[in-house]
Structure formats: structure tokens, C-alpha cells
Amino acid sequence: MEYTIIEGNYAKIGVSKTADAVYFTFEGEKEQKCAILLYTANDKQIRIPVPDEYCIGALRSVGIKGLKCKKLNYNYEIDGKVVFDKHARRVIGREKWADRKRLAADWEIRAGFDFTEFDWCGDRFPEIPREQMVMYKLNVRSFTMDAGAVGKKRGTFAGVMDKIPYLKELGVTSIEFMPVYEFEELIVEKEDSRDITDWSENAIEGYLLEENAEERSCKINCWGYIPGDYYAPKSAYAATDEPSVELKALIRELHKNQMECIMEMYFDEKMNQNIAVEILRYWVMEYHVDGFHLLGAALPVDAMGQDLILRRTKLFAEGFHMHLFDKKTAYPHLFVYNEDFLYAARKLLSRNDGSIPELLNQLKRQNQVFGFINYIAGNNGFTLADLFSYLEKHNEENGEGNQDGIKWNFSCNGGMEGPTRKRSIIEFRKKQMRNAIVILMIGQGVPLILAGDEFGNSQQGNNNCYCQDNKTGWVNWSSLKRNTAYTQFVRRMIAFRAEHPILSSGKPMQMCDYESKGYPDLSYHGESAWVTMKNRFPVAVGLLYCGRYAVREDGTEDDFIYIGLNFYIEQQSLALPKLPYGLKWYFTVNTADKDEPYYELPKEMEKQQQIAVSPQSIIILIGK
């Protein structure tokens, strides 16, 4: 092989290419002896030393002219030690999911070159306004392993692409992907096993592959909440031998359908914060990613929030610094993503020390700078179906003595743990699932659905399926056929939210008639109209939204909407406020109606001052 060495390009970390040279830029001190290790197709190694003077700061950079890298792989050598390029765009050696051959002590992961051109066909970021967003969280593998996909599409980006029409019809606008960057899914269990309660926050690097690992038992890390190789898409998630092309094709197809790609990014406290920002920039520019859910420790979320390249990229985090509250931009892109809404809703739905005032505050939480993400079930906890089927977690299959997973689930089971044939319990659980979806869809924040919750997917009471690469952890698509009525209810509630912009208003509710519309934007009602909270601990409340404070896309004002919430075990009576002259109330939703909880043709109501709400149920009326 004939080649020429030149000084590299320090401005671009990783491997880059020009017409006449390939540049390698990586971390390395001037005092260290560094080299490029190239591997040919027949596994021959070529060692190219990096001159000591090719160094600025702690970056080493070298260009190689005449290098034909199509059939080559590479690693670095630093002071005699082989080092993998953490900026590699492709990882060689993890193409097969959970391949136990990697447990061998001599198994070597190498970096691959990826200069494949991709035709984006004029792709543009959808930039869906937060008021119109409906999020859907999935894991690429568990979402598609049991999805009717055949052959190589199971567990892959291509399998997700096949489900885009289904998600579009459901009403989803934004898909949140659990980690899709390269990570090692094989976990070697140490003899001094520790109490790992939540792999999303307590992943320990020392539990991954190590010498003599083949002598120990293994688990599979299905989720990927560990430090990874952040510049490369996970090759085991690809149905082809071109993971970058397959992922880009998936994102391009999402954008064609006016849907967004939100990626979860986990960084631990060891992560270089400057590089963390650079990684997000890379995925935006190279893969057209629309947003990131930021997880882990010591995250530079404020720096990310102020970065100019990321200014129109949606960023989701547990919180942002107060000084960003006055940083209103033309395109609001910051979102608070925490469990406040989850616990407020769960405690009331399970009658577990819940508070209606707490839930009302969560339903209307909104800020002109920050959006909020609302969800009732996530991967870290029970699915929605299990939330109303199990009082206790059942994680024995995880092999940790049922000590892992969230201990406080605020769940209920209707009187029997797990599966049952008792009709009354089954109907109770279905009603609670309908209640949960209604609560989710009437909140001002962005609703998020966990994959499979729209048709009652169960994990048999396991609330921490991080290691369940089987039917327990996979989304069970056969449930869709069994629960079509519930799926249709979810679809209709998503559509109802879209049809009534007052529910998702981007403006915080003022609880007064600040624009002289004749009614407050939002008001609460108890047994008497306009009089609420006589009881310090109310069990039922009516919410009246004045649609005049919101305008539809066609320029017309929204309707009046009345929502009656009853979390008590007995029927409650709520006051029904008078409507403006010429308007009437129409019954639209009644979660207690097991046969027709959503009325396709709203039922006109007689004039009345009170309305009865069935035990532990929700009603919705439209005034028009």
C-alpha cells in the first residue's frame, strides 16, 4: 500500500475524508506514542505511526493520502495499547445481537469507515409545534420482534419503518427512540452482584465484557442506558449491512409523514461535556434527528439549550436553569420531562392518597419557554395494563430476587393479582385504562404513550424489563386484535385533542376572563357552579374550558368543553355551568360506558344544572 502522511485536520474529531486524503483526529497527548492500526480484509495489520509534532492541545491528527479505505477497518495504538475510536461512525464486531462469541478474551471490536452518501431527497425537519405533538416511546428491538415482521426485519430499523402507517393512523407525531447508538448489550454478572434497581440510572461499566467473561453467566441489556459509541448507529438494529443508511431511511420516511425522530441520549458523569454537545450536533446534521431526551449525570443541558446549531432541535430534560425562563425564542424547543404528572395521575387512579388539586395543577402546567411531557406509564415501571392488574412488581425472572425495579408504583389490581377471568375485575381494569388515556389527552403538556399501551400490552407484572429479551419484554402485537375497541378509543381521544386546541394551548391558563370573552379560559366547578373546593379533599371536580381562547387551524373558535372527573367509589353530582345563548351541551365521552365510551355522534342533552358522574369515571361534554 502506497501512501503519504500529512498533518491532519484538528477541527473535526474522528475520521473525515477529502478528495485526496483520509484524516484521523483523536485524543492523545504529545508525549504519547500514537499510531493508526489498519486491518485488511484478510486480517493483515498495517501500522502507521503518527508524528509527535502532529498535535494541538490534547488532539493528535494525521492525514493519509492515497488510502483506499473501502475494505479496511482500524483502531488506534496509544503507548502500545490498542484503543477503539469512540468517534467511529461504524462499529465492527457487534453486528449480531447478543453474540456470545464476544465473550472470548481475544475478541476485538474495531472501528469501521462509513463515507456512504445518502440521498435525503430534499428532506426537511417537520418542526411540529408542541401544541400538536403526541409522543410514542419505543425500543427498536422489543417493538418489532413480535410485530409480524419476518426474517431480517425483526428487531430492526426496517421493522419500525413498516409500522409508520400504523403510528400515523393512531395520531402519533413524534417517536421517542430508546438508545439506538452502539452499546454492548451483553452484561457479565460479577460474583459480588449488587442491588441494581434501575439500569437507566445505575448502569455500571464494570458489568460489561471483561477478561474470562465466558466463565460467568450473562444477561442482556435490552435498553442501552450505558456509555456507548455515540457516533455509530447500532449495527444489530439493522436488517442490512449498512446501519447508517437504514436509520437515515427510517428518519427520512418519518419526515415524509410529518413525524419526528426523538433520540434518547445517556451520558454518565465521566462524559466530556463539550463532546456531549458535539455529539448532539452530529446527529442533527448527519442524521436529521429532531430532538433528544437527555439522560444521565452532569448533563450540560443549559449549554445545549443555548447552542445555536441546536436552537431548533427539541431538547428534553428533567429541568433547566431558571435563567432560561426569559430566553423566549421564535421556536420553543425546551421540554421538562419528569414524573410529576405520572404520580399525580396514578395516585388518584389507584385511590392511593391522591390529590385532585395536585392533578389539576399538573393538567394545566405550561410555560411559554418550556413545554412539559406528560405520561402515566414508561419503560421504567409498569405498562398501563399492568398498572391496573398488579399491586406488586414481579421481577423474579430478572434474577435479582425481585429487589430491582421501582418499589412505589401506585398501582391497583381491582381485587385480584394478575390475569383473571372475573368479568367485573376485567371491566374495572379496562375503565381505568380509559380514564388514564383521557387524563393524558386533556393535559396541556405533550402526551406520551409507551409502545403497546394503546392496546393493553402486558409484561406480566415485571416493571424493570431491562434484561428481558423475550416475550415478556417484547411488545405483544397479538393484543392489538384482542383489544381493538380500546385501541379505537385511544385513537379517538388523540383525535379529540387535535380537534380542540384549547386543551393543548401553549399559553398558561390564567383562570380568569383576561380577554373579556365572557368566561375564564379555565374554571373549576363542584356541586355548585363557580364554587369549588368546599371540601379540602375533593373527590370530584368539573373543568370548564372556554374555547373562545383558542383558534383552530381553519380560523374558527374552539368549542366549550366540560370535563367531569370522579375518582370516588360512588356516583357524584357536579354542577353544569350555563352556556352562552344558543349553545347546547353534547355528551361526547363517558369512560363508564363499556360499550360506547366515545360517542361518534355526540348526544344532545336536556337543559340541566347538575350532571351525575359514575363511580371512578370521567365524562366530557362539548358546548356548541
Side-chain angles (χ1 to χ4, degrees), residues 39 41 43 73 75 82-86 88 90-112 139-147 149-159 178-194 196 199-200 202-230 232-243 246 266 379 395-401 404 459 462 464-475:
Y39 307 96
D43 217 28
N73 301 319
N75 276 325
V82 177
V83 177
F84 178 80
D85 181 10
K86 285 294 185 180
R90 184 168 186 173
V91 176
I92 306 299
R94 294 204 197 108
E95 292 83 359
K96 185 177 179 181
W97 174 263
D99 186 359
R100 281 175 165 73
K101 291 180 181 178
R102 298 204 297 272
L103 300 179
D106 60 347
W107 189 270
E108 185 176 62
I109 301 297
R110 296 174 180 175
N139 174 282
V140 169
R141 183 170 174 82
S142 66
F143 183 67
T144 58
M145 284 300 291
D146 193 35
V150 295
K152 292 184 178 181
K153 284 190 175 183
R154 297 177 73 228
T156 67
F157 300 125
M178 292 168 69
V180 298
Y181 51 78
E182 273 287 2
F183 61 89
E184 177 52 74
E185 65 271 14
L186 288 175
I187 308 170
V188 177
E189 295 183 273
K190 287 191 173 182
E191 294 176 2
D192 60 333
S193 59
R194 309 175 195 182
I196 302 298
W199 275 91
S200 67
N202 297 285
I204 298 176
E205 191 172 356
Y207 272 70
L208 299 179
L209 300 185
E210 58 183 44
E211 194 172 355
N212 299 323
E214 68 275 11
E215 300 176 2
R216 301 192 177 114
S217 60
C218 292
K219 286 185 179 180
I220 297 178
N221 175 7
C222 303
W223 291 352
Y225 296 130
I226 56 175
D229 304 309
Y230 294 106
K234 187 155 184 60
S235 54
Y237 284 172
T240 66
D241 60 357
E242 293 185 317
E246 192 170 320
Y266 174 89
N379 63 288
N395 298 355
E396 289 81 5
E397 288 185 13
N398 294 354
E400 299 172 33
D404 63 306
Q459 294 174 171
N462 192 316
N464 189 30
C465 276
Y466 76 93
C467 61
Q468 295 300 319
D469 185 34
N470 49 43
K471 288 188 177 293
T472 298
W474 298 343
V475 173

Scanning both residues in full, the closest heavy-atom pair of M178 with N379 reads CE-ND2, 3.7 Å
Q. Does D404 offer a backbone N or O that forms a donor-acceptor pair with the side chain of N398 under 3.5 Å?
A. no
Item to complete: For the pair E246 (side chain) and A239 (backbone), establish whether a donor and an acceptor sit closer than 3.5 Å, ignoring hydrogens and angles.
Response: yes
Nearest heavy-atom approach of N75 to A111 is OD1-N, 3.7 Å
d(W223 CH2, Y466 OH) to nearest 0.5 Å is 9.0 Å
Rounded to the nearest 0.5 angstrom, the CG-CZ distance for D146 and R141 is 12.0 Å
Minimal heavy-atom distance between E400 and K219, with the atoms involved, is OE2-NZ, 2.8 Å
Can any side-chain N or O of N73 pair as donor or acceptor with the backbone N or O of I92 at less than 3.5 Å?
no
In short, S142 meets G473 closest at the heavy-atom pair CB-O, 3.4 Å
Side chains of L103 and C218: does their closest heavy-atom pair fall under 4.5 Å? yes
Output for pair (I226 CD1, E185 CD), nearest 0.5 Å, gives 8.5 Å
d(L186 CG, D99 CG) to nearest 0.5 Å is 7.5 Å
Q.
Using only atom types and a distance under 3.5 Å, with no angle test, would you say the side chain of S235 pairs donor to acceptor with the backbone of R94?
A. yes
Quiz item: Parallel, tilted or perpendicular for Y237 and F157, by the 30°/60° rule?
Solution: perpendicular
Worksheet item: Is the closest side-chain heavy-atom distance between P227 and Y266 below 4.5 Å?
Response: yes
Quiz item: cation-pi between K234 and F183, 6.0 Å / 45°: yes
task = Check whether any side-chain N or O of T144 sits under 3.5 Å from a backbone N or O of G155 as a donor-acceptor pair, and report yes or no.
result = yes
| message | Is any side-chain heavy atom of M145 closer than 4.5 Å to one of W97? | response | no
Exercise. Could you tell me whether the side chain of E397 and the main chain of N395 form a donor-acceptor pair under 3.5 Å?
Key: no
Residues P179 and G224: closest non-hydrogen pair is CG-O, 3.6 Å
(message) A side-chain contact here means heavy atoms from C-beta on lying under 4.5 Å apart; do Q468 and C222 qualify?
(response) no
Rounding to 0.5 Å, atoms CG (D241) and CD (E95) come to a distance of 9.5 Å
Flag, side chain of N470 to backbone of T472, donor-acceptor distance under 3.5 Å | yes
Could you check if a side-chain atom of R102 sits within less than 4.5 angstrom of a side-chain atom of I109, using non-hydrogen atoms only?
yes
How far apart are the C-alpha atoms of V180 and V140, what are their side-chain angles, what is the distance that settles it, and do they pass the side-chain contact (heavy atoms from CB on, under 4.5 Å) test? CA-CA 8 Å; V180 298; V140 169; 3.8 Å; yes
